[in-house]
Amino acid sequence: MKGIIDLDEISEILAKYDVGKEALADIAGFGKATIKRYYEGYIPARKYSDRLLEFLNHELSFINSVEKHKDKLKPVAYHKVTVRCERLREIGNSKTEQITNYIVTQLEEVTPLALEKLLAFSDGVNYALNGTHMIEEARPGCMVRFIRQYITSIRNLVINQ
């Protein structure tokens, strides 16, 4: 249906915020089984769909809702979500991290060399079209350091969960 969130978008919310179906329902102020029902084929009501689309497109709205409903969340779920939201804030502060995060999430698996080439290509295309570098770390050698730091931070995030 037009304007109604689909399962791929709900799955994107779950992955983006590293949250489970029940926890997402709690954060949104829905009943615990609401998100599970959508995976069983139920179609979300317009107001529920709008709420989820807001979470998908506006991280601040999600973070505010987490704080509002934190008493409904298990401590482990609350910790996971807040750690992920903090990481999203950090990514939001760096264009390079935003681009890297986009590439990694779209491709699922990417080697450091492929990531470096994709970042350099993206920066080159932007420079050709706009006359400016899109990536601050575009100087030779800087991108390699950035990619190593990025991969290390992702590994640490996975290990600490």
Side-chain angles (χ1 to χ4, degrees), residues 1-110 115 118-119 122-123 125-126 129-130 132-137 146-147 149-161:
M1 291 176 72
K2 188 173 181 172
I4 300 291
I5 194 164
D6 62 34
L7 284 181
D8 289 338
E9 291 170 317
I10 294 173
S11 296
E12 190 176 336
I13 294 169
L14 297 173
K16 178 178 183 176
Y17 297 112
D18 193 21
V19 64
K21 294 172 189 167
E22 276 188 29
L24 178 58
D26 287 338
I27 291 165
F30 305 162
K32 285 204 180 287
T34 303
I35 304 297
K36 289 180 183 178
R37 284 190 197 117
Y38 299 154
Y39 279 87
E40 293 170 0
Y42 288 80
I43 297 173
R46 169 68 67 185
K47 74 175 191 173
Y48 287 2
S49 175
D50 290 347
R51 183 81 169 137
L52 292 172
L53 286 169
E54 185 178 333
F55 286 170
L56 180 61
N57 298 315
H58 304 285
E59 293 167 8
L60 187 57
S61 175
F62 180 82
I63 293 166
N64 290 338
S65 193
V66 167
E67 291 306 316
K68 181 179 177 183
H69 298 285
K70 69 181 174 184
D71 57 314
K72 295 181 183 179
L73 297 172
K74 295 176 183 172
V76 172
Y78 178 75
H79 177 73
K80 276 177 62 175
V81 169
T82 54
V83 166
R84 179 58 64 101
C85 288
E86 181 59 35
R87 181 70 181 127
L88 289 171
R89 269 192 223 117
E90 290 171 8
I91 290 170
N93 293 332
S94 166
K95 251 188 205 178
T96 308
E97 288 204 31
Q98 289 173 3
I99 297 164
T100 302
N101 192 52
Y102 178 80
I103 291 170
V104 169
T105 56
Q106 295 301 309
L107 296 180
E108 305 254 339
E109 276 189 45
V110 61
L115 181 59
L118 287 167
L119 286 169
S122 300
D123 188 61
V125 168
N126 188 71
L129 295 174
N130 302 316
T132 60
H133 285 285
M134 178 171 62
I135 300 173
E136 305 89 31
E137 295 87 355
F146 167 77
I147 291 169
Q149 290 170 345
Y150 182 83
I151 291 170
T152 302
S153 70
I154 295 296
R155 284 183 183 147
N156 290 339
L157 187 63
V158 171
I159 290 170
N160 292 331
Q161 290 183 1

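The figures that follow rest on heavy atoms only: side chains count, while hydrogens, waters and symmetry mates do not.
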Distance-only criterion, 3.5 Å: show the donor-acceptor pairs between side-chain atoms of residues 34-46 and protein atoms not counting sequence neighbours.
residue, atom, partner, partner atom, Å
Thr34, OG1, Gly31, N, 3.3
Thr34, OG1, Gly31, O, 2.9
Lys36, NZ, Glu22, OE2, 3.0
Tyr39, OH, Ser11, N, 3.3
Tyr39, OH, Ser11, OG, 2.7
Arg46, NH1, Gly3, O, 3.0
Arg46, NH2, Lys2, O, 3.4

Exercise for review: Not counting sequence neighbours, which residues clear ring pair (Phe, Tyr, Trp, His ring centres under 6.0 Å) with Phe62? List them please.
Suggested key: Tyr17, Phe55
**Study point:** Which residues share a salt bridge (charged side-chain N to carboxylate O under 4.0 Å, His left out) with Glu9, sequence neighbours left out
**Key:** none
Check your understanding: Do His69 and Tyr78 come close enough that some side-chain heavy atom pair is under 4.5 Å?
Key -> no
Point to revise | Non-neighbouring partners of Glu59 that pass salt bridge (charged side-chain N to carboxylate O under 4.0 Å, His left out), sequence neighbours left out | key: Lys16
Check your understanding: CG of Leu24 to CG of Leu73: how many Å apart, nearest 0.5 Å?
Key -> 10.0 Å
Review point. What distance separates Ile103 CD1 from Ile99 CD1, expressed to the nearest 0.5 Å?
Key: 7.0 Å
Check your understanding: side-chain contact (heavy atoms from CB on, under 4.5 Å) between Ser65 and Arg51: does it pass, once the steps are laid out?
Key -> CA-CA 10 Å; Ser65 193; Arg51 183 81 169 137; 2.9 Å; yes
Point to revise | Steps toward side-chain contact (heavy atoms from CB on, under 4.5 Å) verdict (Val66, Val19) | key: CA-CA 11 Å; Val66 167; Val19 64; over 6 Å; no
Review point. How many angstroms lie between CG in Leu56 and CG in Asp8, if you round to the nearest 0.5 Å?
Key: 11.0 Å
**Study point:** Evaluation steps, side-chain contact (heavy atoms from CB on, under 4.5 Å), between Ile5 and Ile13
**Key:** CA-CA 11 Å; Ile5 194 164; Ile13 294 169; 3.9 Å; yes
Check your understanding: Would the number of heavy atoms belonging to other residues, nucleotides or ligands and lying under 6.0 Å from NZ of Lys32 be above 12?
Key -> yes
**Study point:** Interatomic spacing from NZ in Lys72 to CD1 in Ile27 - rounded to 0.5 Å
**Key:** 10.5 Å
Check your understanding: About how many Å separate CZ of Arg84 and CG of Asp18, when rounded to the nearest 0.5 Å?
Key -> 4.5 Å
Point to revise | Those residues that, when tested against Lys21, pass salt bridge (charged side-chain N to carboxylate O under 4.0 Å, His left out) (two or more places apart) | key: none
Review point. Who passes ring pair (Phe, Tyr, Trp, His ring centres under 6.0 Å) against Tyr48, sequence neighbours left out?
Key: Phe30
Study note, to complete from the structure: Between the CG atom in Leu14 and the CG atom in Leu7, the distance rounded to the nearest 0.5 Å is 10.0 Å
